[in-house]
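Here's the structure, in structure tokens; my notes come after.
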Amino acid sequence: MIKIENVSAGYRKKEVLHGVSLSVEDSRIVTIIGQNGCGKSTLIKAMLGFVPMTQGSVQLNSVAVSQASPQKVAQTAAYLPQMHQNGDISVGRLVLHGRFPYLSYPRSYRKEDKEIAYNAMERMGIAELSQVPLSELSGGLRQKAYIAMALAQQTPIIVMDEPTTFLDIGEQMKFMQLCRELTAEGKTVVLVLHDVISALSISDRIAVMHHGRIIQFGAPKEILESDALQKLYGIRVCTIETQNGVQYYYERRERI
């Protein structure tokens, strides 16, 4: 379980988060949405200890982030940032980095680490690219490699910031299915997404952020029934029943 209590945080002297509280139950997909610059990425960075808090506390599966070592946090929660530095590294070597929190001195990868990394690449459909440099891959394939690295970390919590970036629509659908599989395996998945329809389709709970605060938190149906989306984006999301279940579509409205 993730417990964020009254967290304020920011950069240098600028406070970005203002008293944010959020609880995430185990084995759930929780998505954070909101306009650019509202604090979504800062929230997950503060949650993982990458941005210092000026007040409040965070617990990840009973691990107090402020008191835990970076290694302990990394063994509890995997993090996929929005931006990556590709570097001159092969796909296989990148994915192996997900095993780094479990290595002791001297830091050499064990047989089990290599097997776990291979299984993660296989799950993402990129095992045959293990020896290929990231620089030779498309943006979509690089993104799949980074997702595989997060999977290789084998943590109970996985946090991903805009993970569908560069993925085509077919791969986005596969990613959504992957998230459901991960929660079925007992993992908790926290996502930051710009695509509201994807968030509604995939999430158990959605946190709506505005100016560094969570203004709405609930099941997709509750978010739809509120006026939060219209206030933030000037849109109304409508639903239609199909043979494959509920589908969502946008209807343009003026912002309030």
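Remark: Glu185 does not engage Lys187 in a salt bridge, criterion side-chain N to carboxylate O under 4.0 Å.
Cluster membership check: Met149 shares its hydrophobic cluster with Ile147, using side-chain heavy-atom separations under 4.5 Å among Ile, Leu, Val, Met, Phe, Trp and Tyr. The hydrophobic cluster containing Leu80 does not contain Val192, counting ILVMFWY residues as joined when their side-chain heavy atoms lie under 4.5 angstrom apart, directly or transitively. Linking ILVMFWY residues whenever their side-chain heavy atoms come closer than 4.5 Å, directly or via other members, places Ile158 and Ile202 in the same cluster. Linking ILVMFWY side-chain heavy atoms closer than 4.5 Å, directly or via other members, places Val159 and Leu193 in two distinct hydrophobic clusters.
Screening residues 202-217 for side-chain hydrogen bond (donor to acceptor under 3.5 Å, both in side chains) gives Thr31-Ser203 as the qualifying pairs, with residues at least two apart or on separate chains. Applying the side-chain hydrogen bond (donor to acceptor under 3.5 Å, both in side chains) rule to pairs touching residues 90-103 yields Arg99-Asp113, sequence neighbours excluded. A side-chain hydrogen bond (donor to acceptor under 3.5 Å, both in side chains) check over residues 150-161, counting only residues at least two apart or in different chains, returns the pairs Ser41-Asp161.
Across Val95 and Ala152, no two heavy atoms sit closer than the pair O-CB, 3.7 Å. Across Ala77 and Leu60, no two heavy atoms sit closer than the pair CB-CD1, 4.1 Å.
No side-chain heavy atom of Val189 sits less than 4.5 Å from a side-chain heavy atom of Val30. Considering only heavy atoms from C-beta on, Met121 stays 4.5 Å or farther from Met124 through its side chain.
In this view, Phe50 and Tyr79 satisfy the ring-ring contact (aromatic ring centres under 6.0 Å, His included) rule, not counting sequence neighbours. Remark: Ser130 engages no residue in a side-chain hydrogen bond (donor to acceptor under 3.5 Å, both in side chains) (not counting sequence neighbours).
Heavy atoms of other residues, nucleotides or ligands lying less than 6.0 angstrom from CZ of Phe100 number 12 at most.
Side chain of Gln59 to backbone of Ile4: no donor-acceptor contact under 3.5 angstrom is found. Using modelled atom types, one side-chain atom of Glu222 and one backbone atom of Ala219 make a donor-acceptor pair closer than 3.5 Å. Listed for the Lys174 side chain is no donor-acceptor partner under 3.5 Å among the backbone atoms of Ile169.
Expressed to the nearest 0.5 Å, how far OH of Tyr248 lies from OG of Ser201 amounts to 5.5 Å. Put simply, CE on Met209 and CD1 on Ile215 are 9.5 Å apart, with the number rounded to the nearest 0.5 Å. Taken from CG in Leu182 to OG1 in Thr188, the straight-line distance is 10.5 Å, to the nearest 0.5 Å.
Thr42 and Tyr11 share a donor-acceptor pair across their side chains, judged by distance under 3.5 Å alone. Between the side chains of Gln172 and Thr164, no donor-acceptor pair of N or O atoms lies under 3.5 Å.
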- request: Take Arg123 and Glu181 through the salt bridge (charged side-chain N to carboxylate O under 4.0 Å, His left out) test and state the conclusion after the steps.
  value: CA-CA 11 Å; Arg123 190 167 192 175; Glu181 291 171 0; 3.3 Å; yes
task: Show your reasoning for whether side chain to side chain contact (heavy atoms under 4.5 Å, CB included) applies to Gln230 and Ile235.
output: CA-CA 5 Å; Gln230 185 173 342; Ile235 61 170; over 6 Å; no
Could you go through residues 19-26 and list every donor-acceptor pair under 3.5 Å that involves a side-chain atom there, pairing it with any protein atom two or more places apart or in another chain?
{"from": "Ser21", "atom 1": "OG", "to": "Asn6", "atom 2": "N", "distance (Å)": "2.8"}
{"from": "Glu25", "atom 1": "OE1", "to": "Arg28", "atom 2": "NH2", "distance (Å)": "3.4"}
{"from": "Asp26", "atom 1": "OD1", "to": "Met1", "atom 2": "N", "distance (Å)": "2.4"}

